[in-house]
J.: 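Got a structure for you, questions after.
Predicted model, so just to flag it, every value in this text is computed and none were measured. Numbering of ligands and ligand atoms starts at 1, following listing order.
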Amino acid sequence: MNVFGKHYRTIWLKPDDPGVVQAIDQRLLPHQFVIVDLTTTEEVAFAIKDMLVRGAGLIGATAGYGMYIAALHAPRHSRSAFLEAVRADGDKLKATRPTAVNLEWAVERQWTAIQQGQDVEDMIEIALQTANAIADEDAEYCRRIGEHGVTLIEAISRRKNGEPVNLLTHCNAGWLAFVDYGSATAPIYAAFDRGIKIHVWVDETRPRNQGARLTAWELGQHGVPHTVIADNAGGHLMQHGLVDLVIVGSDRTTYTGDVANKIGTYLKALAAKDNGIPFYAALPSSTIDWNMRDGVKDIPIEERDSDEVRMISGLHNGENVSVLLTPETSPAANYGFDVTPSRLVTGIITERGICEASEQGILALYPEKKTS
Ligand code: MRU
């Protein structure tokens, strides 16, 4: 997608130095656009944990490049020493964040691929090709999600005789959360590019405000009309006919259709259900957990530093600053995600099409995942 009119992905190899991975430091957006160099697995792990990079697809792509960096720096004197070091680095990467399944998926995809190599040089080359493949596939799958999801927006636009379609989204499942296009935003960009009149309500998404900081910024860069709202406003807007469609992303979706996404998503799904508004989750298949049946019970929910709740950050006199919001001594809890049960999800938009949020619906799109 475009930043100040120039095309960017969220992660790439430095053109004149393929030992360096480059990414946009999302902690500084929307007020500063800074690109960082990542050269060691420690730096890659820190980038994921501290959320320089974030969002399920981008975490997966970053882990893919992290495994390539691990391979580049692993000892080369023996195959077993090389593989042992790469495995240890892969485990460090996997331990950075618990909820987005794309992280584990990318590390294990790399691990399986790397072990096919004949010798160390071959394994490094395979790690490079696999990292690029994960990133390219992420972008292409999001593009396809856009092609499928736009049909929902087109149908509403027709029903409204071309009046603007009002969408609501939570957190940032935009191109910044992936390599390009985004999942929840891909249908939005596709609709806008086709000239369909749309408007997006952007949940601010406390505590880290990915909606207010990131989704608003990337929609603005693309020229998509949008309005940032406080997290609590969605229900009111829905009651007054001001939301036609909700599209959110996901960090992990069970093969039965339970959707983990940024904290607060479940409340929006409840409000959508109460108001008869379609609620879709958009996600590539790398976000589907093929081993997990009960999302509410089993999806690990990240708990982050309580200071993310106690403090709030923004621009002041040209500088990014953090200020204390709560009483000094009040404790705070910071649950990063919640799970929306499949019964509240109208459908899932994937790179293969739109399906019902159920085991039957998902496996109809991915028949190769049927176990019996
Ligand atoms: O904590 P984050 O920013 O990594 O959380 C991820 C998200 O942005 C959302 O949950 C998003 O809607 C799904 S990730 C594509």
J.: Only counting residues at least two apart or in another chain, list the ones meeting ring-ring contact (aromatic ring centres under 6.0 Å, His included) with H222.
T.: Y189, F192
J.: Between the side chains of D180 and Y8, is a donor N or O closer than 3.5 angstrom to an acceptor N or O?
T.: no
J.: Return the orientation label for the H240 and H236 ring planes: parallel under 30°, perpendicular over 60°, tilted otherwise.
T.: tilted
J.: If a pair satisfies ring-ring contact (aromatic ring centres under 6.0 Å, His included) and one of its residues is in residues 138-179, list it, with sequence neighbours excluded.
T.: none
J.: Determine which pairs satisfy salt bridge (Lys or Arg N to Asp or Glu O under 4.0 Å) with at least one residue from residues 346-366, sequence neighbours left out, and list them in order.
T.: R293-E359, R352-E368
J.: Salt bridge check: are R143 and E140 linked by an N-O gap of less than 4.0 Å?
T.: yes
J.: Starting from the N and O atoms of ligand 1, collect every protein N/O partner closer than 3.5 Å and put each pair on its own line with the distance to 0.1 Å.
T.:
from     : atom 1 : to   : atom 2 : distance (Å)
ligand 1 : 1 (O)  : R97  : NH2    : 2.8
ligand 1 : 1 (O)  : K262 : NZ     : 2.7
ligand 1 : 3 (O)  : R54  : NE     : 2.9
ligand 1 : 3 (O)  : R54  : NH2    : 3.2
ligand 1 : 3 (O)  : Q210 : NE2    : 2.9
ligand 1 : 4 (O)  : G55  : N      : 2.9
ligand 1 : 4 (O)  : R97  : NH1    : 2.8
ligand 1 : 8 (O)  : R54  : NH2    : 2.5
ligand 1 : 8 (O)  : N172 : O      : 2.9
ligand 1 : 10 (O) : D251 : OD2    : 2.6
ligand 1 : 10 (O) : N261 : OD1    : 2.9
ligand 1 : 10 (O) : K262 : N      : 3.1
ligand 1 : 12 (O) : N261 : OD1    : 2.6
ligand 1 : 12 (O) : N261 : ND2    : 3.4

